[in-house]
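Below is one structure, written out as structure tokens, with a few remarks after it.
The figures here come from the full heavy-atom set of this structure, side chains too, leaving out hydrogens, waters and symmetry mates. Below, chain A is the first sequence line, B the second, and so on; all start at residue 1.
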Amino acid sequence: MGREKEAKGDAKTKHKSTKLKRLSDRESAGAGEHSAEKTTSAEKTKSTKKTANGKSHKKVKTPKTESVEAASSASEPVKQEPPDDDDFTTKKKGLKRKRIKDEPVEGISQSPASPTLKKENKEHGHEGGSDEDAPKKKSKKRTEKTVKKEEGEHPVAKKPKRTKEEIEEARQLKIKKKEEEEQNRWRWWEEEKYEDGVKWKFLEHNGPYFPPEYQPLPDNVLFYYNGKKVKLSPTAEEVALFFAQMLDHEYTTKKVFRENFFKDWRKEMTDEERTLIRDLEKCDFGEMHAMHKAKVEARKNTTKEEKQALKEANEKIVDEYGYCLLDHHKERIGNFKIEPPGLFRGRGEHPKQGMLKKRIQPEEVIINCSKESRLPVPPAGHRWKEVRHDNSVTWLASWTENIQGSIKYIMLNANSKLKGEKDWEKYEVARKLKTCVDDIRNQYLRDLKSKEMVTRQRAVALYFIDKLALRAGNEKEEGETADTVGCCSLRIEHITLHEQLDGNECVVEFDFLGKDSIRYYNKVPVIRKVFKNLRLFMENKQPGDDLFDRLNTNVLNKHLSSLMAGLTAKVFRTYNASITLQQQLKELTTKSDNVAEKLLSYNRANRAVAILCNHQRAPPKTFEQSMANLQAKIDTRKEQLALAKTELKQAKKEAKNKGSSDPKLQTMVERKKAAVKRCEEQLLKMEVQATDREENKQIALGTSKLNYLDPRISVAWCKNVEVPVEKIYNKTQRDKFAWAIDMTEADFEF
DNA sequence: GTAAGGACTTAGAATGAACATA
DNA sequence: TATGTTCATTCTAAGTCCTTAC
């Protein structure tokens with residue numbers, strides 16, 4: 001990235017000790033007059049970044065809303081105000097990356113698993129209900145939809161219409177299935193918790209699923225170097241294919257990606273290949289790319305039978321590897337597949353993008369299960385790296401990946417006990433914060449005047465974390481990952497101070513790349529004490545220097561845990577997200593609204609949180625078109641409504657003229673009234689949908705819904721305003737939040 | 001006290017399936 | 001039936017925070 005090349009210096013050293021020592025001599029001094037100069041320099045650096053870092057062809061995340069801070073009062077620093085959605089949606093533009101499909105999974109080369117797991121599952125009665133596997137779920141879903149269709153909306157052509165009895169029967173079956181599912185669910189939340197540190201007492205599984213071995217290309221698909229045919233060795237060919245498959249993707253145009261790929265590819269070549277292939281520019285992957293595209297196309301055009309066969313093969317894999325037995329309950333595994341080899345796709349300007357992510361062998365995999373369980377069998381001719389029996393952790397298998405050297409885990413699905421319990425605990429900690437948040441806020445406001453620099457920095461950082469829901473911001477190793485920051489790792493170049501801006505005083509302008517290289521841009525009026533402190537922290541520093549040079553997440557979290565057990569920086573995000581949802585729902589919902597309007601309110605409340613947490617998404621590619629289509633439908637419906645109204649008027653007139661005794665005319669009036677009403681309802685529904693979609697254009701609601709919003713708030717809201725919970729949570733979400741759906745009453749308060 | 005390692009959560013993109021419309 | 005659109009699921013990178021080793 002261009003920015004850090006300019007700004008990088010010793011000042012940007014990441015390690016804590018250095019960071020703390022480095023600026024020890026800067027402690028003194030009040031707000032200096034250099035700050036204006038510094039700001040200018042920071043600004044300059046920033047603008048260089050914007051043009052030079054290549055963001056224009058990446059995930060371009062344009063300015064985020066200013067609504068959150070604009071609405072909040074500088075004198076009430078910690079109050080979360082409702083954001084102005086319209087403001088947000090009109091401000092952002094974005095380009096979505098082109099996507100490319102990965103190599104199709106062909107064939108299954110797995111050792112047959114022992115039947116013990118399945119047998120045990122049956123014995124424990126968990127093969128049905130909530131334990132159905134994904135494909136089964138899908139087929140069930142389709143049945144529901146078909147039933148719905150057949151219940152009278154649009155009969156499918158040529159299909160014989162079912163009788164009322166059959167429809168009723170299907171409905172009963174559906175209800176029965178749902179009840180069964182409910183009965184079979186493991187209600188772990190009603191059981192006693194294990195002692196601290198114990199995650200399970202019995203764990204059995206079949207090990208991870210390995211991706212199929214590489215199948216060499218047919219002889220008619222060739223690679224050319226410098227215009228000449230070259231038959232690559234299988235290993236070199238496999239890596240070349242990874243690149244060829246990505247040719248439509250923007251990644252392959254990036255210098256870093258190309259260089260990393262080429263370097264790693266050459267390592268996989270034979271001596272002879274390495275001598276010959278020296279320049280990526282001279283490589284022609286055209287035929288390999290074409291073959292890949294043809295495969296994708298062919299997959300799209302598979303017949304029903306082929307699709308069915310593929311589905312069944314997949315189901316078999318899920319049945320065998322997708323579940324485990326945890327304390328004798330069948331639980332779904334979240335990611336039971338070993339990650340296949342490929343080229344590393346780091347986000348943002350990742351220095352390691354394009355590197356070869358190697359194929360994982362069983363010899364690299366550690367298995368974790370019960371001593372007394374049936375051990376998973378490694379694929380034929382292989383063995384595990386290690387089998388251990390550690391019930392203080394939740395993972396089933398792990399391996400070390402070669403890009404960052406970090407450990408990857410096979411873990412349970414979000415609907416499992418282990419994940420659910422932790423989730424519940426997380427929200428309980430956030431609720432506990434509610435009871436002491438006022439004291440904590442008062443304390444950090446007092447700390448803004450502390451004599452100690454570290455305390456002041458901590459206070460300002462906390463102010464940001466609390467008010468803006470910033471992430472903690474751990475230190476990162478330079479050159480290992482994309483240059484992104486959070487609160488504690490903010491640098492001078494990331495903020496600009498404005499005495500006056502847009503009619504506000506003491507405005508801080510933030511502009512930095514956060515997690516996943518998503519841009520955070522915000523202009524926030526702050527209280528004067530914070531503003532003055534920031535000016536102090538920025539004195540005599542370069543754009544690449546740390547803003548909080550005395551602070552890191554460790555120091556911050558230690559302080560927080562002394563204020564409340566279990567309190568860390570992250571808890572503020574959960575707390576503020578959940579409390580915002582609760583407040584917004586209260587504010588926005590009217591009991592007399594219809595369901596569509598209530599759902600719009602829910603989505604708006606959800607959106608307020610997503611904006612607060614800066615959860616952005618690239619606008620859907622087809623957004624404009626689909627909005628235009630919806631508008632056209634609205635216009636048509638409006639015309640229909642006008643017509644229906646005229647007809648009603650006419651009918652009323654006729655009924656009046658001929659006297660109200662004519663029952664036929666009265667029926668006609670009633671019918672026309674109903675038609676008008678129906679039209680109006682449909683129109684309203686569409687208009688609500690259009691508003692919702694427009695407001696949602698660039699905001700991802702899913703992340704906050706899944707990770708930050710206490711589900712009990714939503715469930716209680718559903719109960720209070722009589723909205724079926726199915727309207728806000730799909731099947732997967734209902735499974736994940738089963739504990740909350742089951743235990744929450746309408747009077748729940750976060 | 002600090003760096004490194006480990007375990008876990010959070011995140012958006014990619015992919016696939018279902019559904020709607022022409 | 002083909003094609004476009006939406007929604008759900010999968011994938012795995014990138015965070016947080018705690019523990020361990022020195």
message = I'd like to know whether NZ of A/Lys193 has more than 12 heavy-atom contacts from other residues, nucleotides or ligands below 6.0 angstrom.
response = yes

Separation of B/dC8 atom P from A/Glu421 atom CD, nearest Å, is 13 Å

Consider only side-chain N and O atoms of A/Thr568 and A/Asn557, and report whether a donor and an acceptor are under 3.5 Å apart.
no

Of the listed B/dG12, B/dA7, B/dT10, the closest approach to the A/Val393 side chain comes from B/dA7

Distance test, side-chain N/O of A/Arg519 to OP1/OP2 of B/dG12, below 4.0 Å:
no

Open item on the list: Other residues, nucleotides and ligands only: do more than 12 of their heavy atoms fall within 6.0 Å of NZ on A/Lys385?
Closed with: no

Got a sec: does the NZ of A/Lys199 have more than 12 other heavy atoms crowding it under 6.0 Å? yes

Between A/Thr253 and A/Glu250, do the side chains contain a donor N or O and an acceptor N or O under 3.5 Å apart? no

Of A/Gln733 and A/Gln404, the one whose nearest nucleotide on DNA chain C sits closer to the 5' end is A/Gln733

Fill in: Below 4.0 Å: OP1/OP2 of B/dC8 and any side-chain N or O of A/Thr394
yes

Looking only at heavy atoms, the pair that brings A/Met246 and A/Phe257 closest together is CE-CZ, 3.6 Å

Sequence neighbours excluded, the answer for salt bridge (charged side-chain N to carboxylate O under 4.0 Å, His left out) partners of A/Lys417 is none

Can you name the atoms? Protein N/O to nucleotides 1-3 of chain C N/O, anything below 3.5 Å, with the distance.
none

Given protein heavy atoms under 4.0 Å, the one-letter contact record of nucleotides 15-22 of chain C, with B base, S sugar-phosphate only and - none, is simply SBBS----

Residue set satisfying side-chain contact (heavy atoms from CB on, under 4.5 Å) with A/Thr481, at least two apart, ordered chain then number -> A/His350, A/Gln404, A/Lys476

(Q) Using a 4.0 Å heavy-atom cut-off, does A/Ser406 contact any base of the nucleic acid, only the sugar-phosphate backbone, or nothing at all? (A) nothing

Reckon A/Lys408 has a side-chain N or O less than 4.0 Å from the OP1 or OP2 of B/dG6?
no

With A/Ser704 as partner, the option from A/Asn606, A/Thr580, A/Thr574 fulfilling side chain to side chain donor-acceptor pair (under 3.5 Å) is A/Asn606

Double-helix bend of the helix from B/dG1-C/dC22 to B/dA22-C/dT1, axes at both ends from 5 pairs, round to 10°, gives 0°

Contacts of A/Lys558 and A/Arg388 projected onto DNA chain B by closest heavy atom; the upstream (5') one is A/Lys558

Discussion item. Does A/Lys199 reach a base, just sugar-phosphate, or nothing at all? Heavy atoms under 4.0 Å.
Written reply: sugar-phosphate

With A/Glu339 as partner, the option from A/Arg359, A/Lys358, A/Lys357 fulfilling salt bridge (Lys or Arg N to Asp or Glu O under 4.0 Å) is A/Lys357

Closest of B/dG12, B/dG6, B/dC8 to the A/His615 side chain is B/dG12

key: Under-4.0 Å side-chain N/O to phosphate OP1/OP2 contact, A/Arg347 with B/dA14   = no

The answer to which of A/Ile338 and A/Asn730 contacts DNA chain C further toward the 5' end, by nearest nucleotide, is A/Asn730

* Cation over ring face, A/Lys419 and A/Trp395, 6.0 Å, 45° -> no

- Query: Looking only at side-chain N and O atoms, does A/Lys352 come under 4.0 Å of OP1 or OP2 in C/dA13?
  - Reply: no

To the nearest angstrom, the NZ-C1' distance between A/Lys311 and B/dA18 comes to 11 Å

Out of B/dT9, B/dG12, B/dA14, minimum distance to the side chain of A/Lys422 belongs to B/dT9

message = Between A/His249 and B/dA13, is there a contact of a side-chain N or O with OP1 or OP2 at under 4.0 Å?
response = no

Ranking C/dT12, B/dC8, C/dC11 by distance to the side chain of A/Glu339, first place goes to C/dT12

Hits for side-chain contact (heavy atoms from CB on, under 4.5 Å) against A/Val387, two or more places apart or cross-chain, chain-then-number order -> A/Ile367, A/Cys369, A/Leu375, A/Trp384, A/His389

- prompt: Taking the six-membered ring for Trp, are A/His249 and A/Tyr251 parallel (under 30°), tilted (30 to 60°) or perpendicular (over 60°)?
  reply: parallel

Separation of B/dG16 atom P from A/Glu315 atom CD, nearest Å, is 16 Å

Comparing A/Lys307 with A/Tyr409, nearest DNA chain B nucleotide closer to 5' gives the residue A/Tyr409

